[in-house]
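Data first, discussion second: the structure below is written as structure tokens.
We're numbering straight along the sequence, starting at 1. Computed from a predicted structure; not experimentally measured. All heavy atoms count here, side chains included; hydrogens, waters and symmetry mates do not.
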Amino acid sequence: MASPQPSSPGSASLWRPLRSSLFRNLLIADVVSDIGTFMQSVGAAWLMVSLGAGPMYVSLTQTASALPFFILALPAGAIGDIIDRRKVIVFTEVWMVGVAVVLAVLTIAGTISPVLLLLLTFALSAGDAFETPTWRAVLPELVLKGDLPAASALNGIEFNFARAVGPALAGFVIAFAGIGAAFVLNALSFIGSALEAARCRTGHAA
């Protein structure tokens, strides 16, 4: 990945990592993607209830979202140290776009079932579980070493912002346009991250 430009001397600022266009663009794309992910989580739970599934299926929706992180986070981190990180991010984003599109189409067509919903939710979360460690590992390639703490803090702020906005936006969209529309927006939310990652030049881990 292209090296970030040197920053001016002095104490580190929380906003200084945003001077790196690579970091800034990926952070913006990531917040959009995370908002879409939280919208999908709300939509999946809402849809499961709408399908008339029992309490077990509703609880399994959250399990399908969380389980991939326990199973795949460790091997995903190792893969990110071996394979070009840009390719890992692009692949996972394209994977999530594909799964999200399938979920949206099946939902709008009215052919989704509780089991299919669980499988597609798991597949979406699996892509996120593979991407997250790679995104964290790529931070040192986007900003200077002295800006890493600020970059990590901004990344946390981004995630918490998405966690606050995503569910509220999902409720608004579902109320006015339906669950399928929320899933469509989730699919679109991954495109920015995929494009930004594809534009970047990265190598293997240092």
- Query: Honestly curious: do Ile89 and Leu188 fall in one hydrophobic cluster under the side-chain, below-4.5 Å linking rule?
  - Reply: no

- Item | Side-chain (Thr132) to main-chain (Asp128) donor-acceptor, under 3.5 angstrom | yes

- Task: Give the C-alpha distance, both sets of side-chain angles, the deciding distance and a yes or no for side-chain contact (heavy atoms from CB on, under 4.5 Å) between Tyr57 and Val115.
- Result: CA-CA 8 Å; Tyr57 276 100; Val115 173; 4.1 Å; yes

- Phe183 reachable from Val101 in the ILVMFWY side-chain graph, under 4.5 Å edges: yes

- Message: Given 3.5 Å as the limit, does a donor-acceptor pair link the side chain of Asn186 with the main chain of Ala182, or not?
- Response: no

- Atom of Leu14, atom of Ala153 and distance for their closest heavy-atom approach: CD1-CB, 3.8 Å

- Item | Greater than 12 external heavy atoms within 6.0 Å of Leu74's CG | no

- Query: Tell me, do Met48 and Leu118 make a side-chain contact under 4.5 Å, heavy atoms counted?
  - Reply: yes

- Query: So, the side chain of Trp95 versus the backbone of Ala123: is there a donor-acceptor pair under 3.5 Å, distance only?
  - Reply: yes

- Task: Can you measure from OG (Ser50) to CD1 (Ile112) and round to the nearest 0.5 angstrom?
- Result: 12.0 Å

- In this structure, OG1 of Thr121 is separated from CG of Leu103 (nearest 0.5 Å) by 6.5 Å

- Item | pair Trp15-Leu18: side-chain heavy atoms closer than 4.5 Å | yes

- Is Asp30 reaching over with its side chain to a backbone N or O of Leu26, donor-acceptor style, under 3.5 angstrom? no

- Query: Heavy-atom count around Phe91 CZ within 6.0 Å, excluding the residue itself: above 12?
  - Reply: no

- How far apart are the closest heavy atoms of Gly43 and Ile174, and which atoms are they? CA-CD1, 3.8 Å

- Stepwise side-chain contact (heavy atoms from CB on, under 4.5 Å) test for Val165 and Val31: CA-CA 10 Å; Val165 172; Val31 71; over 6 Å; no

- Expected output: side-chain Thr111 to main-chain Thr107 donor-acceptor under 3.5 Å: no

- Below 4.5 Å, heavy atoms only, C-beta onward: do Phe23 and Asp147 meet side chain to side chain? no

- To the nearest 0.5 Å, how far apart are CG in Leu124 and CG in Leu119? 11.5 Å

- Task: Give the cluster check for Val143 versus Ile157: same hydrophobic cluster or not, with ILVMFWY residues linked at side-chain heavy-atom distances below 4.5 Å.
- Result: yes

- Rounded to the nearest 0.5 Å, what's the gap from OG on Ser189 to CG on Leu185? Could you check? 8.0 Å

- Output, in order, the C-alpha distance, side-chain angles, deciding distance and verdict of ring-ring contact (aromatic ring centres under 6.0 Å, His included) for Phe38 and Phe159. CA-CA 10 Å; Phe38 283 109; Phe159 180 81; 5.5 Å; yes

- Note on the structure: For Gly180 and Ala104 the tightest heavy-atom approach is O-CB, 4.3 Å

- Shortest non-hydrogen separation from Ser125 to Ala66 and the atoms involved: OG-N, 4.4 Å

- Quick one: CZ on Arg163 to CD on Glu158, what's the gap to the nearest 0.5 Å? 11.0 Å

- Do Leu120 and Leu106 touch side chain to side chain, with heavy atoms closer than 4.5 Å? yes

- Query: Are Glu93 and Ser33 close enough that some pair of their side-chain heavy atoms sits under 4.5 Å apart?
  - Reply: yes

- Message: Other members of the hydrophobic cluster containing Val90, with the 4.5 Å side-chain heavy-atom rule, please.
- Response: Val94

- Donor-acceptor contact below 3.5 Å, side chain Ser193 vs main chain Phe190: no

- Message: Starting from Leu72, can I reach Ile82 by hopping between I/L/V/M/F/W/Y residues whose side chains sit under 4.5 Å apart?
- Response: yes

- Taken to the nearest 0.5 Å, the spacing of Ile191 CD1 from Met96 CE works out to 12.0 Å

- Query: Would you say Leu116 and Val105 are hydrophobically clustered, going by side-chain heavy atoms of ILVMFWY under 4.5 Å?
  - Reply: yes

- Message: With a 3.5 Å distance limit and no angle check, can you tell me whether Thr92 reaches the backbone of Val88 through a side-chain donor-acceptor pair?
- Response: yes

- Message: How close do Pro68 and Ala129 get, counting heavy atoms only, and between which atoms?
- Response: O-CB, 3.6 Å

